[in-house]
S.K.: 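Below are the C-alpha cells for one structure; questions will follow.
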Amino acid sequence: MEGMRVASPVDARKVEGLSMNGGVDGKSGAENPIPPPTNPLVTALLTDMYQITMAYAYWKAGKQNDLAVFDLLHRKNPFGGEYTVFAGLEECIRFAANFRFTDSDVAYLRTILPSRCEEAFFDYLKGVDCSEVVINAIPEGSVCFPRVPLIRVQGPLLGPDGGISGSKYCYLGGFNATSNIDAGQRFGIPVRGTHSHAFVSSFMTASSCPPVFREKGEKLFLISTAFPSLSAENLLPGMDGAAKLMKRERSFDEITKRSLEYNNNSSDVCKDFVLLTMQYLNRMKEVQSLQKWFAETNHSELAAFISYALAFPTAFQALVDTYDVLKSGIPNFCAVALALHELGYKSVGIRLDSGDLSYFSVQTRKFFKVIEKEFGVEGFGNMIITASNDINEDTLDALNKQGHEIDAFGIGTHLITCYQQPALGCVYKLVEINGQPRIKLSEDVAKAGERILCRHPFSESKRAYVIPQRVESLYKCYWSGTSGQPREPLPPLEELRRHCQEELAAQRTDHMRGLNPTPYKVSVSGQLYDFIHFLWLSEAPVGELH
C-alpha cells in the first residue's frame with residue numbers, strides 16, 4: 001500500500017505511492033514565504049543539459065503542459081547497511097519556491113542550444129516557475145529503505161552544487177565537456193547532453209495503458225486494458241505496413257507536428273517525418289542480416305525518438321536502453337537516423353546507460369555497419385557510441401580488457417565523490433503522465449487490524465499475510481504552489497534531529513548492526529505486484545527465433 005507505513009509484529013512496510021495532501025498549518029507559499037536555497041550556487045541552471053534539450057523537445061511536441069509525476073528514490077542503502085536516513089528536504093523546497101530563469105540564464109541557453117531552436121521557446125522559459133508544482137515527501141529525518149520513494153514531485157527538482165566544482169576541475173584535468181549547465185555558464189566549459197529514460201517513457205503505447213482488474217475472492221483477474229485490441233481487422237485495407245502501424249498506435253498520435261524541412265539549402269519539406277521513419281523501419285525488417293537482432297520494436301520508444309529528432313535534427317543522439325537495447329532501442333534509432341539522412345541530416349549516435357556495456361557496444365557497432373552496407377550510408381558504421389551508468393576506474397579497466405566499441409564515457413557520481421560511499425545514487429523516475437501511470441501511484445489504504453497480503457516486488461514465491469497494529473501515512477505535502485493544498489511547515493533542525501533519533505530507536509537492532517545486518521523487507525500489495533508485472537510485459541518487445 002504505497003504511501004503508507006505499516007507497523008506489525010514483523011514490522012512490514014508497504015510502499016505503493018499514496019499521494020497525501022498532508023498539511024497541518026494550512027499555509028500556502030504566498031502566505032508563508034520560503035527563503036532561497038542556502039547555497040547561492042543553486043539556481044535554475046544547476047541542471048544537466050539533457051533536461052533543457054528534453055524541455056525543448058517536450059515544448060516542440062506540445063507536451064509541455066502534460067501533467068507528469070516523478071518519484072525520487074534510491075536503489076541501495078549506503079555502506080552496505082540496511083537503512084538510510086532521509087535529509088535535505090528543506091533545501092529542495094527552498095529551491096522549488098524560488099525557481100525561475102533569469103534573463104541572463106535564458107540568454108546563455110540561447111548560446112548552447114542549436115540555432116534552429118525557436119525563439120518562442122526562450123520566451124516560454126522566462127515564464128517557467130514552480131507555482132503549479134506539488135511536492136509530497138517523507139518527513140525529513142525519517143528512516144527509509146531502497147525503492148521507497150523519498151519525494152514525489154510534479155515539476156523540476158534539481159540537486160546541489162557538487163557538479164559545479166567537479167565539472168570545473170574535471171575539465172581542467174582533461175575531460176571534454178560537462179552536462180552541468182551552470183558550470184558551463186560560469187567557467188565556459190562545453191555543455192553536452194541527450195535525454196533521459198523519462199522522456200522515452202512519457203510516450204505511451206495502447207498496450208501500456210492501465211489494465212482493469214476485478215477481484216474474485218482473494219485473487220485478481222485482468223479483464224481488459226483501457227484501449228481496444230490492435231488486431232489486424234482494425235486496420236484499413238490498402239495501407240502499407242508503415243501507415244497501418246501508425247493507424248493503430250496511440251504513441252504516434254502524440255506527435256502533432258510531423259513536418260521537417262530538408263537540410264540542403266532548399267525550401268523542400270518532408271510533410272510526414274513519422275511515416276518516413278516507419279518506412280525505413282519496415283525496410284530494415286526485410287534485411288536478412290538484421291533479422292537475427294530484432295523483429296518488432298517498442299513503438300512508444302520509437303515515437304519518443306522521432307519527437308526528439310524533430311526537435312533536434314542536427315544533434316540527434318538517443319538513449320537506447322529504456323526497454324531492450326538490441327531488439328528495440330538500436331533498430332528504432334537507426335530508423336530515425338536513416339530518415340534524417342534522407343533529409344540531409346547526420347545523427348550523432350547513441351548512449352548506453354545499463355547492462356553489459358562491452359557486449360552492447362560491440363553488437364551495436366556491428367548493427368551500424370550492416371546499416372551502412374545495406375542502405376549505402378557512408379559513415380553510419382562509425383556513429384558515436386557513448387556509455388554511462390556509474391562508471392569508475394574498475395569499469396574502464398574491465399572494459400579495456402574485454403574489448404569494446406565505446407567512443408565516449410559519461411562519468412559522474414564516481415568522479416565527483418569518494419569511492420567508498422559519499423553519494424546515495426538516487427534515481428528520478430517518471431511514474432505518471434497525463435493521469436496514466438508508468439508505475440502504480442495509489443490505491444486504497446489498509447486499516448489497522450485488517451489482514452493484508454504482502455508480496456516481494458520481484459519474487460513470486462515470497463509472500464505473507466500481515467495484520468498491522470498501526471498504519472501511518474508515509475508522505476506529506478511540503479510544497480503546493482498555487483494549488484491551494486495545505487502544506488506542512490519545515491521543522492527546525494532540533495525537531496528534525498529528534499525525529500531522526502526516534503526513527504532509529506524504533507528499528508530492530510539486527511537491522512542496524514554494521515556487520516551483516518538483517519535485510520529489511522519492503523513489500524507491496526498483491527494488486528501492485530500484478531500491475532508492475534503487467535506493465536513490464538506490455539512494454540518489453542517480444543523476441544522472435546529464426
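Please read these numbers as outputs of a predicted model, since none were measured by experiment. In this chain, residues are counted from 1 in sequence order.
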S.K.: Any chance CD of Glu119 has more than 12 other-residue heavy atoms, nucleotides or ligands included, within less than 6.0 Å?
M.R.: yes

S.K.: Do Phe375 and Val370 have side chains that approach each other closer than 4.5 Å (heavy atoms only, starting at C-beta)?
M.R.: no

S.K.: Taking all non-hydrogen atoms of both residues into account, name the closest pair between Ala339 and Thr277 and its distance.
M.R.: CB-OG1, 3.6 Å

S.K.: How close do Val42 and Phe95 get, counting heavy atoms only, and between which atoms?
M.R.: CG1-CD1, 3.4 Å

S.K.: Take Leu109 and Leu125, measure what side chain to side chain contact (heavy atoms under 4.5 Å, CB included) needs, and give me the verdict at the end.
M.R.: CA-CA 10 Å; Leu109 291 175; Leu125 286 182; 3.6 Å; yes

S.K.: Between Phe333 and Phe316, does a ring pair (Phe, Tyr, Trp, His ring centres under 6.0 Å) hold up when you go through it step by step?
M.R.: CA-CA 9 Å; Phe333 166 79; Phe316 176 58; 5.3 Å; yes

S.K.: Report yes or no: is the cationic atom of Arg152 (NZ for Lys, CZ for Arg) under 6.0 Å from the centre of the six-membered ring of Phe70, at an angle within 45° of the ring normal?
M.R.: no

S.K.: Around Phe458, counting heavy atoms of other residues, nucleotides and ligands shown, do more than 12 lie under 6.0 Å from its CZ?
M.R.: yes

S.K.: For Val348 versus Met383, what's the shortest heavy-atom pair and its separation?
M.R.: O-CG, 3.5 Å

S.K.: How about His341 and Tyr345: are their ring centres within less than 6.0 Å of each other?
M.R.: no

S.K.: Check this for me: does any side-chain nitrogen of one of Lys60 and Glu118 sit under 4.0 Å from a carboxylate oxygen of the other?
M.R.: yes

S.K.: Do Glu261 and Arg116 sit within salt-bridge range, that is, some charged N less than 4.0 Å from a carboxylate O?
M.R.: yes

S.K.: Would you compute the distance between atom CG of Leu357 and atom CZ of Phe409 and round it to the nearest 0.5 angstrom?
M.R.: 8.0 Å

S.K.: What closest approach, in Å, do Val191 and Gly184 show between heavy atoms, and which atom pair accounts for it?
M.R.: CG2-CA, 3.8 Å

S.K.: Can you see which heavy atom on His404 is nearest to which on Leu399, and at what distance?
M.R.: CD2-O, 3.3 Å

S.K.: Just checking, is any N or O donor in the side chain of Tyr308 or Gln317 under 3.5 Å from an acceptor N or O on the other one?
M.R.: no

S.K.: Test side chain to side chain contact (heavy atoms under 4.5 Å, CB included) on Leu319 and Ile350 and set out the steps.
M.R.: CA-CA 6 Å; Leu319 177 60; Ile350 59 102; over 6 Å; no

S.K.: Counting only heavy atoms not in Lys126 (residues, nucleotides, ligands), do more than 12 fall under 6.0 Å from its NZ?
M.R.: yes

S.K.: Verify salt bridge (charged side-chain N to carboxylate O under 4.0 Å, His left out) between Lys327 and Glu296, making sure each step is shown before the conclusion.
M.R.: CA-CA 7 Å; Lys327 293 179 181 177; Glu296 290 294 331; over 6 Å; no

S.K.: Any Lys/Arg nitrogen of Glu374 or Arg283 sitting under 4.0 Å from an Asp/Glu carboxylate oxygen of the other?
M.R.: no

S.K.: In Å and rounded to the nearest 0.5 Å, what is the CD to CD1 distance from Gln185 to Ile112?
M.R.: 8.5 Å

S.K.: Take atom CD in Glu132; do more than 12 heavy atoms of anything else shown fall under 6.0 Å from it?
M.R.: no

S.K.: Keeping the roles fixed (side chain from Ser307, backbone from Ile255), state whether a donor-acceptor pair exists under 3.5 Å.
M.R.: no

S.K.: Could you give the distance from CD1 (Ile371) to SG (Cys334), rounded to the nearest 0.5 Å?
M.R.: 4.5 Å

S.K.: Please tell me whether Thr178 and Arg192 have a donor and an acceptor in their side chains that are separated by less than 3.5 angstrom.
M.R.: no

S.K.: Would you find more than 12 non-hydrogen atoms of other residues, nucleotides or ligands less than 6.0 Å from Asn265 atom CG?
M.R.: no

S.K.: Which residues pass the side-chain contact (heavy atoms from CB on, under 4.5 Å) test with Ser328, not counting sequence neighbours?
M.R.: Thr297, Asn298, Glu301, Asp324, Asn332, Pro541

S.K.: Report the distance from atom CD1 of Ile406 to atom OG of Ser358, rounding to the nearest 0.5 Å.
M.R.: 7.0 Å

S.K.: Would you say the side chains of Asp182 and Thr43 form a donor-acceptor pair under 3.5 Å?
M.R.: yes

S.K.: If the plane angle is over 60° it's perpendicular, under 30° parallel, otherwise tilted; pick one for Phe203 and Phe199.
M.R.: perpendicular

S.K.: How long is the gap from CD1 on Ile181 to OG1 on Thr47, to the nearest 0.5 Å?
M.R.: 5.5 Å

S.K.: Which atoms form the tightest heavy-atom contact between Cys130 and Ala96, and what is the distance?
M.R.: CB-O, 3.2 Å

S.K.: In Å and rounded to the nearest 0.5 Å, what is the CG to CG distance from Leu343 to Leu338?
M.R.: 11.0 Å

S.K.: Between Phe294 and Phe367, what is the ring plane arrangement, given parallel below 30°, perpendicular above 60°, and tilted in between?
M.R.: tilted

S.K.: Applying side chain to side chain contact (heavy atoms under 4.5 Å, CB included) to Ser201 and Tyr323, what does each step give before you reach the verdict?
M.R.: CA-CA 9 Å; Ser201 59; Tyr323 300 114; 4.1 Å; yes

S.K.: Where do Glu393 and Leu396 land on the side chain to side chain contact (heavy atoms under 4.5 Å, CB included) test, with the steps shown first?
M.R.: CA-CA 5 Å; Glu393 299 96 324; Leu396 295 174; 5.7 Å; no

S.K.: Could you list the residues that satisfy side-chain contact (heavy atoms from CB on, under 4.5 Å) with Arg365, not counting sequence neighbours?
M.R.: Phe368, Lys369, Ile385, Glu405, Asp407

